[in-house]
Amino acid sequence: MKVAPSELDGVREILEKRQAELIHVLRKRDGITIEKSADQMDEIQYASERDLAMRNVDRESTLLRQVKAALRRIHDGSFGSCFECESAISPKRLAAIPWATCCIQCQEAADRKGQEPEDGSETLVNAA
Ligand SMILES: [Zn+2]
């Protein structure tokens with residue numbers, strides 16, 4: 001089963017909008033990391049804000065990567081097929097998470113293993 005071209009257009013629009021939002025948010029976040037204060041209480045406050053911001057940036061960068069990958073899959077025609085088992089991802093799942101790379105079965109299997117079916121770049125970073 002393939003995703004209908006008309007639906008694909010809608011999905012691409014959603015993804016492109018999401019991509020633009022994420023790029024915008026990530027750009028704005030750049031400023032947070034350099035905030036400084038002489039006041040120690042402020043410093044602590046900023047530190048936790050920075051922490052939170054860094055975690056958000058992490059999450060948003062990952063999402064942005066997934067959104068970009070989904071747009072690439074729309075472009076090359078592989079959108080809608082599971083990355084792992086190549087079966088069709090359910091339209092319901094794609095409507096909820098257009099950047100999903102795998103079907104619900106594979107996602108659940110990956111969740112159980114406690115890892116994302118990703119490109120493995122994070123493992124590399126941790127190992128370094
Ligand atoms: Zn699958």
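Indexing begins at 1, ligand by ligand and atom by atom, following the structure's order. As a basis for the values below, the full set of heavy atoms in this structure was taken, side chains included, without hydrogen atoms, waters or symmetry mates.
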> Mind checking what makes side-chain contact (heavy atoms from CB on, under 4.5 Å) contact with R12, not counting sequence neighbours?
Replying inline: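 Result, side-chain contact (heavy atoms from CB on, under 4.5 Å) vs R12: D9, E16, L71, I74.
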>> Is any side-chain heavy atom of C85 closer than 4.5 Å to one of C103?
In response: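 C103 vs C85: side chains touch.
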> Is there a side-chain contact between L52 and R55, using heavy atoms and a 4.5 Å cut-off?
Replying inline: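 Yes, close enough: below the 4.5 Å cut-off.
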> Close to the Zn ion (ligand 1), meaning under 2.8 Å, how many protein N, O or S atoms are there?
Replying inline: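 With waters ignored, the protein N/O/S count below 2.8 Å is 4.
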>> Please enumerate all residues that pass side-chain hydrogen bond (donor to acceptor under 3.5 Å, both in side chains) together with E13, with sequence neighbours excluded.
In response: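 Checked E13 against side-chain hydrogen bond (donor to acceptor under 3.5 Å, both in side chains); zero matches.
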>> Just to verify, what does D58 make a side-chain hydrogen bond (donor to acceptor under 3.5 Å, both in side chains) with, not counting sequence neighbours?
In response: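 Per chain and number, D58 pairs via side-chain hydrogen bond (donor to acceptor under 3.5 Å, both in side chains) with no residue.
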>> For R72, is there an ion pair with D76 - N to carboxylate O distance below 4.0 angstrom?
In response: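 No, D76 and R72 are not salt-bridged.
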